[in-house]
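Start at 1 and go down the list; that is how both ligands and their atoms are numbered. In this text, all values refer to a predicted model and were calculated from it rather than measured experimentally.
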Amino acid sequence: MATHGSIFEDMLQEFDGAARILNLEPGIWKILTHPKRQIIVSCPVQMDNGEIEVFTGYRVQYNITLGPAKGGIRYHPGVSLDEVTALAAWMTWKCAVAHIPFGGGKGGVICDPTKMSRRELEALTRRYIAEIIDAIGPEKDVPAPDVNTNEQVMAWVMDTYSMHVGHTTTSVVTGKPLELGGSLGRREATGRGVMIVARESARHAGFDINGATVGIQGFGNVGSVSADLLRAAGARVVAVTDWKGGVYNASGLDIPKLIEHVSRNRTVEGFMDGEPFTNDQLFKLDVDVLIPAALENQITSENAAGVRAKIVVEAANGPTTPEAHRLLHERGVFVVPDILANSAGVTTSYFEWVQDRYGYFWTEKEVNERLEAKICQAFDAVLRTSLKYKVDMRTAAYIVAIERVATVTRMRGMYA
Ligand code: GLU
């Protein structure tokens with residue numbers, strides 16, 4: 001992360017490549033490469049030991065041309081304004097690729113949730129939301145889970161906002177528990193989308209996901225659900241690594257057992273039905289599909305040449321640096337970019353927001369069928385664009401996104 005330089009600059013490099021191909025006019029280019037709004041807040045919290053800590057929080061609304069800003073809230077020691085701005089820009093392109101009526105936003109708080117009690121996390125969440133309360137709302141900006149935030153944190157977000165406005169407002173945030181306006185299928189959605197695009201990519205590359213081998217970096221909500229659904233689709237998940245360690249089993253890891261192990265130990269390390277394994281080994285592994293499902297800047301110019309996978313599915317946001325991406329593309333690795341590969345999370349957030357505003361809830365089957373249709377449409381649109389312009393899938397995804405946002409920007413015209 002911080003060691004690599006600016007993540008926002010990386011995003012701009014990706015953007016520029018596509019904007020050039022589109023011959024995007026300079027005015028729209030300027031608009032789309034500037035964040036609309038960046039908010040920085042200080043959040044004092046009384047810790048369990050009685051002392052007061054002040055946490056820095058950000059909320060960036062990168063672009064709201066297509067609708068309310070949409071994007072998660074991340075709790076991590078490495079959070080920075082640069083990172084949150086890049087992530088908010090990626091949400092803009094992701095929502096446009098997914099073809100849902102949202103702009104892009106992102107929030108982050110610099111903290112280490114692994115060292116905080118539940119009470120401290122609740123106090124931090126409520127204070128952070130209170131500090132940004134005027135900027136969020138169902139029509140303005142709708143947060144969601146991201147790294148180290150979950151359904152419980154979203155419940156606190158919903159409650160804090162509702163207490164401020166004086167009535168229960170479920171549609172202010174997505175990724176909530178089912179009991180208070182969450183959607184069936186939301187928790188699994190990102191992993192489900194990763195499985196779908198891995199399956200479609202394999203078909204495009206000329207092999208079947210059934211019987212394919214898979215390696216995964218990261219075993220949080222996204223990595224673990226992707227692993228489980230890929231296993232259910234007949235793939236063999238042979239290696240998983242996380243923040244602490246890794247495991248390898250050539251005949252395929254027992255994913256339900258591994259999930260159980262992680263719920264007890266918070267890491268895959270120490271799992272008995274496999275050998276210890278490192279991240280370095282994972283990236284060099286001879287697998288069909290490699291899935292980075294952790295943080296940014298994991299596949300870099302240092303390790304990209306060693307990647308032997310046929311397909312890389314970017315379940316995380318920004319896991320491949322632009323230089324590494326070039327190296328992979330040159331060697332014929334088919335990279336499914338983050339703004340397509342993990343867009344099922346926000347797509348199902350959109351379904352949740354729709355259901356909350358309707359006050360009428362869908363069955364899990366309905367959610368999953370609609371999700372499958374949306375993801376396959378997005379995948380086809382990007383693949384067609386990549387074949388039409390003879391570009392990689394990332395550039396193609398940006399072309400699709402920029403065209404959609406630029407068209408609406410032109411139609412809406414300039415205010416004042
Ligand atoms: N944090 C997720 C992402 O990066 C989900 C965002 C959302 O559902 O709004 O796409």
### Query
Hey, does Asn221 have a side-chain heavy atom less than 4.5 Å from the side chain of Pro145?
no

### Query
Do Phe55 and Tyr128 have their ring centres less than 6.0 Å from each other?
no

### Query
Are the charged groups of Lys30 and Glu25 less than 4.0 angstrom apart, N to O?
no

### Task
Keeping to residues at least two apart or across chains, list the salt bridge (Lys or Arg N to Asp or Glu O under 4.0 Å) pairs with something in residues 332-355.
Lys176-Glu352, Asp338-Arg394

### Message
Tell me which residues fall inside the under-4.0 Å heavy-atom shell around ligand 1.
### Response
Lys70, Gly71, Gly72, Met91, Lys94, Lys106, Ala144, Pro145, Asp146, Arg186, Asn317, Gly345, Val346, Ser349

### Message
Under the salt bridge (Lys or Arg N to Asp or Glu O under 4.0 Å) definition, can you give me all pairs with a residue in residues 136-149, not counting sequence neighbours?
### Response
Arg59-Asp141, Arg74-Asp146, Lys106-Asp146, Glu139-Arg357

Atom pairs and distances, donor-acceptor, side-chain atoms in residues 12-22, under 3.5 Å, two or more places apart:
from	atom 1	to	atom 2	distance (Å)
Glu14	OE1	Trp90	NE1	3.1
Glu14	OE1	Tyr398	OH	2.5
Asp16	OD1	Trp29	NE1	3.3

